[in-house]
Amino acid sequence: MQSRLIIILISFLLLGCEKKKKYIEGYEIVKKDTLLESLRKIPEDKLAKIETPLLIDLDTVISKHQTIKFEIKNISKNILRIISIKPFCECVSISNYNKEIKPFSSQFLYANFYIENQGYFTYSINIYGTFYPFKREIKIEGYKK
């Protein structure tokens with residue numbers, strides 16, 4: 001009786017480990033950022049320098065719909081090409097923007113987002129382009145009353 005119990009227990013543990021291994025392998029595949037990998041092939045002397053806010057703190061908001069304005073500055077002699085702007089979720093949309101920013105110039109972008117639940121919130125917007133380190137994350141946080 002004890003030997004059967006031990007065999008069942010060992011089988012259960014082995015099956016559990018196999019499922020965990022498949023989950024971890026699948027997770028690694030999903031997390032790979034192919035856009036970032038392609039941008040890393042750009043020569044360093046062609047890269048621009050970018051200046052953006054890293055955090056936008058909205059403090060306390062009441063409305064479900066919010067619009068924020070933020071600036072992207074090119075602070076170098078190279079042309080800054082924005083390859084992609086990817087919001088964290090579908091609840092955030094970005095206004096139309098110029099794909100290129102001339103040297104020592106800037107542009108403003110508008111992010112519209114929807115805050116459904118009451119309480120603390122945090123969103124992020126990832127900007128990919130011809131600047132070092134190729135990806136800039138802007139965090140937006142606050143509290144919805």
Side-chain angles (χ1 to χ4, degrees), residues 5-6 8-145:
L5 184 61
I6 291 172
I8 292 171
L9 185 59
I10 289 172
S11 300
F12 180 73
L13 290 173
L14 288 175
L15 287 174
C17 291
E18 187 64 29
K19 287 180 182 177
K20 187 175 181 182
K21 182 179 175 186
K22 286 180 183 176
Y23 173 75
I24 291 171
E25 287 172 357
Y27 181 73
E28 288 173 358
I29 291 169
V30 170
K31 291 298 283 183
K32 186 168 181 163
D33 193 338
T34 55
L35 182 57
L36 191 58
E37 292 299 319
S38 66
L39 285 169
R40 287 193 173 129
K41 296 175 184 173
I42 298 171
E44 194 172 316
D45 63 332
K46 302 287 185 197
L47 297 176
K49 292 181 183 172
I50 188 174
E51 191 175 281
T52 65
L54 296 176
L55 173 68
I56 300 172
D57 187 356
L58 298 179
D59 199 22
T60 303
V61 296
I62 297 171
S63 174
K64 289 183 177 186
H65 297 281
Q66 295 293 318
T67 300
I68 57 166
K69 176 181 173 181
F70 61 95
E71 185 176 23
I72 298 177
K73 291 182 185 177
N74 180 358
I75 56 172
S76 69
K77 60 181 177 64
N78 293 328
I79 293 175
L80 169 63
R81 289 184 177 82
I82 299 173
I83 305 302
S84 178
I85 298 179
K86 294 184 178 181
F88 174 72
C89 66
E90 292 179 4
C91 57
V92 179
S93 65
I94 304 295
S95 62
N96 292 335
Y97 56 92
N98 295 327
K99 298 275 186 184
E100 289 188 354
I101 302 175
K102 293 179 180 176
F104 305 104
S105 298
S106 65
Q107 75 169 311
F108 285 96
L109 280 99
Y110 295 88
N112 298 302
F113 56 99
Y114 181 77
I115 309 164
E116 188 168 334
N117 298 324
Q118 185 175 350
Y120 178 78
F121 64 87
T122 182
Y123 296 103
S124 63
I125 299 169
N126 290 315
I127 302 171
Y128 295 85
T130 59
F131 55 85
Y132 184 80
F134 311 108
K135 175 182 171 183
R136 174 67 55 96
E137 181 179 40
I138 300 173
K139 291 204 176 276
I140 303 162
E141 63 181 35
Y143 182 84
K144 180 170 180 299
K145 227 174 181 179

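What you are looking at is a predicted structure, and each value in this text was computed from that prediction instead of being measured. Position 1 is the first residue of the sequence, and the numbers go up from there. The figures that follow rest on heavy atoms only: side chains count, while hydrogens, waters and symmetry mates do not.
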- Indicate yes or no: at least one non-hydrogen side-chain atom of Ile125 is less than 4.5 angstrom from one of Arg136. no
- CD1 of Ile138 to CD1 of Ile72, rounded to nearest 0.5 Å, is 6.0 Å
- Pairwise distance CZ(Phe131) to CD1(Ile42) - rounded to 0.5 angstrom: 10.0 Å
- Query: Under the ring-ring contact (aromatic ring centres under 6.0 Å, His included) test, which residues partner Phe113, sequence neighbours left out?
  - Reply: Tyr123
- Pairs satisfying disulfide bond (SG atoms under 2.5 Å apart), at least one member in residues 34-87, at least two apart: none
- Task: Establish, yes or no, whether the cationic atom of Lys144 lies under 6.0 Å from the six-membered ring centre of Phe121 and within 45° of the ring axis.
- Result: no
- Is any side-chain heavy atom of Asn78 closer than 4.5 Å to a side-chain heavy atom of Thr130? no
- Query: Rounded to the nearest 0.5 Å, what separation is found between the CZ atom of Phe104 and the NZ atom of Lys73?
  - Reply: 12.5 Å
- For the residue pair Leu55 and Glu141, establish whether any side-chain heavy-atom pair is separated by less than 4.5 Å. yes
- Distance (rounded to the nearest 0.5 Å) between Ile127 CD1 and Lys135 NZ: 11.5 Å
- Task: Before accepting this row, confirm whether a basic side-chain N of the pair Lys139/Glu137 lies closer than 4.0 Å to the acidic partner's carboxylate O.
- Result: yes
- Query: Under 4.5 Å between any side-chain heavy atoms of Pro103 and Ile79, yes or no?
  - Reply: yes
- Message: Which heavy atom of Leu47 sits nearest to which heavy atom of Phe134, and what is that distance?
- Response: CD2-CE2, 3.5 Å
List the atom pairs, donor and acceptor, that lie under 3.5 Å between side-chain atoms in residues 80-91 and the rest of the protein, sequence neighbours left out.
{"unit_1": "Arg81", "atom_1": "NE", "unit_2": "Glu100", "atom_2": "OE2", "d": "3.0"}

- If every non-hydrogen atom of Pro53 is compared with every non-hydrogen atom of Phe70, which pair is closest and at what distance? CG-CB, 4.0 Å
- Task: Provide the full list of side-chain hydrogen bond (donor to acceptor under 3.5 Å, both in side chains) pairs with a residue in residues 104-117, sequence neighbours left out, each pair given once.
- Result: Thr67-Asn112, Glu71-Ser106
- Item | side chain to side chain contact (heavy atoms under 4.5 Å, CB included) partners for Pro43, two or more places apart | Asp45, Lys46
- Query: From Asn98 CG over to Leu109 CG, what is the distance, rounded to the nearest 0.5 angstrom?
  - Reply: 9.0 Å
- Message: Under the disulfide bond (SG atoms under 2.5 Å apart) definition, can you give me all pairs with a residue in residues 112-145, not counting sequence neighbours?
- Response: none
- Query: Of all heavy-atom pairs between Asn74 and Lys102, which one has the smallest distance, and what is that distance?
  - Reply: ND2-O, 3.3 Å
